[in-house]
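Here's the structure, in structure tokens; my notes come after.
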Amino acid sequence: MLGSVNQRPEDRSLPREKIEPMQLVAAQGNRGIAFFRGWGEYGLSSLAIHPRDPMRWFVSTGKDLVEVDLQTGRSKPFALTGLLDVHEMDFIDGRLWLSNTGTDEAIAVDVDSQTITQSIVLSLFRGNVWVDHNAITDDGRQGTVEATDRFHINQVFDAMDGSLMALVHHVSGRQFMRRVASKLVKVQGTGGVLDLQTGKGHNLQLTGPHSVRVVGEEYWVCDSGRACVRVFDKNWQPLTTIPTRGWGRGAVVMEVAQGDRLVAIGISATRKRYLHLIPGKQQAPNMVELFDPRKHEPIASRLLDHIEQVNNLYVVTEDQAAALDKLS
């Protein structure tokens with residue numbers, strides 16, 4: 001599990017030095033990895049494991065990219081500029097793809113040469129998907145619409161049909177704000193996916209989505225702002241909705257037996273700014289929530305301490321866990 005403090009000071013309840021940004025969540029309990037304790041202004045954002053070398057890890061605090069050799073403990077920063085709020089990264093066809101959220105671009109890195117081999121700026125695709133500009137805010141009141149140019153890309157992924165795709169908060173590339181009583185309120189519900197090769201977009205009407213995962217023949221996406229998982233078929237047609245305990249970000253599919261899977265999803269604690277809007281019984285602590293994909297329902301959860309928000313989840317082997325414990 002990777003986590004951090006909340007970026008906005010008014011949401012914080014823990015000082016940075018109390019944060020354990022990387023933790024192993026196991027049957028015997030949770031434990032922090034001391035090697036990564038001081039990494040990042042806020043904590044850790046994401047990591048990727050080399051597909052041919054399980055001890056070769058690539059870690060980001062959101063503003064950088066560092067290679068870590070789990071066997072020797074050596075770390076090697078990449079000399080890359082312009083990384084800002086990296087959300088997720090993954091190896092696709094031999095290259096490490098980063099969602100550089102702060103600049104709205106998808107970046108491919110050759111990890112051996114430590115160079116950027118491709119950059120896709122999402123503004124090239126703006127206007128491909130129709131969005132209802134007359135949507136109203138959650139309070140039901142009309143107001144003057146304002147807009148900024150932003151997709152808010154937070155993942156690059158390999159789709160089931162082989163397409164290179166991106167998950168975005170605003171699929172038209174326009175983030176709409178409605179001015180109500182002198183305040184700007186986001187108009188949510190235009191999240192979806194973009195084909196990074198054709199520019200074709202699918203408005204899935206998601207609110208603040210994170211973490212697309214392929215589960216069998218289905219896509220699971222955290223519809224974070226609505227505290228649920230939306231399940232789609234391979235053509236992005238909706239199948240069902242699964243409630244979660246809160247804001248979902250970070251997910252992993254675990255093979256537990258031949259043909260059997262479980263899905264773990266990171267749930268972040270309700271932020272202080274929103275406590276007055278959410279009834280106490282619906283306020284969630286930090287946790288990992290476990291789901292049965294056959295029944296489309298939750299089956300268990302594990303509470304997390306020493307973080308304020310969950311950023312990502314990964315499965316590691318016993319050998320990798322042992323190597324992490326030995327890092328110094």
Side-chain angles (χ1 to χ4, degrees), residues 1-4 21-25 33 35-36 39-40 42-103 105-120 153-159 162 164-167 196 210-215 220-222 249-255 263-266 288 310-317 319-321 323-324 327:
M1 185 283 306
L2 302 186
S4 63
M22 182 181 291
Q23 299 179 33
L24 286 173
V25 181
I33 303 302
F35 181 82
F36 292 99
W39 284 42
Y42 306 111
L44 295 177
S45 168
S46 55
L47 69 82
I49 301 172
H50 197 284
R52 296 188 304 277
D53 186 348
M55 295 296 177
R56 191 179 178 192
W57 285 24
F58 301 86
V59 182
S60 178
T61 68
K63 298 179 180 179
D64 55 13
L65 180 61
V66 181
E67 180 176 347
V68 179
D69 185 328
L70 265 61
Q71 293 179 311
T72 65
R74 295 193 185 97
S75 58
K76 182 168 60 176
F78 281 50
L80 303 179
T81 59
L83 297 185
L84 182 61
D85 196 19
V86 174
H87 269 47
E88 291 207 35
M89 52 190 186
D90 197 9
F91 279 94
I92 302 173
D93 294 332
R95 295 188 293 175
L96 182 59
W97 280 91
L98 287 69
S99 56
N100 201 29
T101 306
T103 61
E105 62 181 330
I107 296 174
V109 176
D110 181 302
V111 297
D112 293 323
S113 65
Q114 293 197 343
T115 58
I116 294 175
T117 60
Q118 189 174 359
S119 174
I120 302 174
I153 180 176
N154 55 30
Q155 185 182 353
V156 181
F157 65 98
D158 190 15
L164 184 70
M165 302 198 79
L167 178 68
L196 292 176
H210 293 86
S211 307
V212 176
R213 300 293 184 264
V214 175
V215 184
W220 286 38
V221 189
C222 291
R249 177 178 170 183
V252 66
V253 182
M254 300 180 292
E255 302 290 337
V263 180
I265 294 176
V288 175
V310 182
N311 291 334
N312 267 303
L313 298 179
Y314 306 89
V315 171
V316 299
T317 65
D319 288 343
Q320 290 169 325
L324 286 170
L327 289 177

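Because the structure is predicted, anything quoted here is derived from the model rather than measured. These values consider heavy atoms only, across backbone and side chains, with no hydrogens, waters or symmetry-generated copies. Positions are given from 1 along the sequence.
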Requested in this report: Kindly determine whether Q155 and M89 satisfy side chain to side chain contact (heavy atoms under 4.5 Å, CB included), including the steps that lead there.
Outcome: CA-CA 7 Å; Q155 185 182 353; M89 52 190 186; over 6 Å; no
Report summary line: Heavy-atom closest pair (D158 atom, I92 atom, distance to 0.1 Å) is N-CD1, 3.8 Å
Requested in this report: Can you see which heavy atom on A166 is nearest to which on I153, and at what distance?
Outcome: CB-CD1, 3.8 Å
Report summary line: For S60 and V86, the nearest pair of non-hydrogen atoms, with its separation, is OG-CB, 3.8 Å
Report task. Could you label the plane-to-plane angle of the F78 and F58 rings as parallel, tilted or perpendicular, counting under 30° as parallel and over 60° as perpendicular? Result -> perpendicular
Requested in this report: Report the C-alpha distance between T117 and V109 in whole Å, list the side-chain angles of each, state the deciding distance to 0.1 Å, and finish with yes or no for side chain to side chain contact (heavy atoms under 4.5 Å, CB included).
Outcome: CA-CA 6 Å; T117 60; V109 176; over 6 Å; no
Requested in this report: Start with the C-alpha gap between F35 and L70, add the side-chain angles, then the distance that decides, and say whether side chain to side chain contact (heavy atoms under 4.5 Å, CB included) holds.
Outcome: CA-CA 10 Å; F35 181 82; L70 265 61; over 6 Å; no
Requested in this report: Fit a plane to each ring of H87 and H210, take the angle between them on a 0 to 90° scale, and name the class: parallel (under 30°), tilted (30 to 60°) or perpendicular (over 60°).
Outcome: parallel
**Report entry** Working for side chain to side chain contact (heavy atoms under 4.5 Å, CB included), residues D85 and N100
**Finding:** CA-CA 6 Å; D85 196 19; N100 201 29; over 6 Å; no
Query raised in the report: Should the pair R56-D112 be classified as a salt bridge under the 4.0 Å nitrogen-to-oxygen rule?
Result: yes
Query - Residue pair S211 / R249: nearest heavy atoms and the distance that separates them - result: OG-C, 3.8 Å
Query raised in the report: Hey, does T115 have a side-chain heavy atom less than 4.5 Å from the side chain of L80?
Result: no
Report task. Measure across V310 and L313 and return the closest heavy-atom pair with its distance rounded to 0.1 Å. Result -> CG1-CD2, 4.3 Å
Report summary line: Closest non-hydrogen contact found for S75 with V66 is CB-CG1, 3.8 Å
Query raised in the report: Just by distance, with hydrogens left out, do N154 and T101 show a side-chain donor and acceptor under 3.5 Å apart?
Result: no
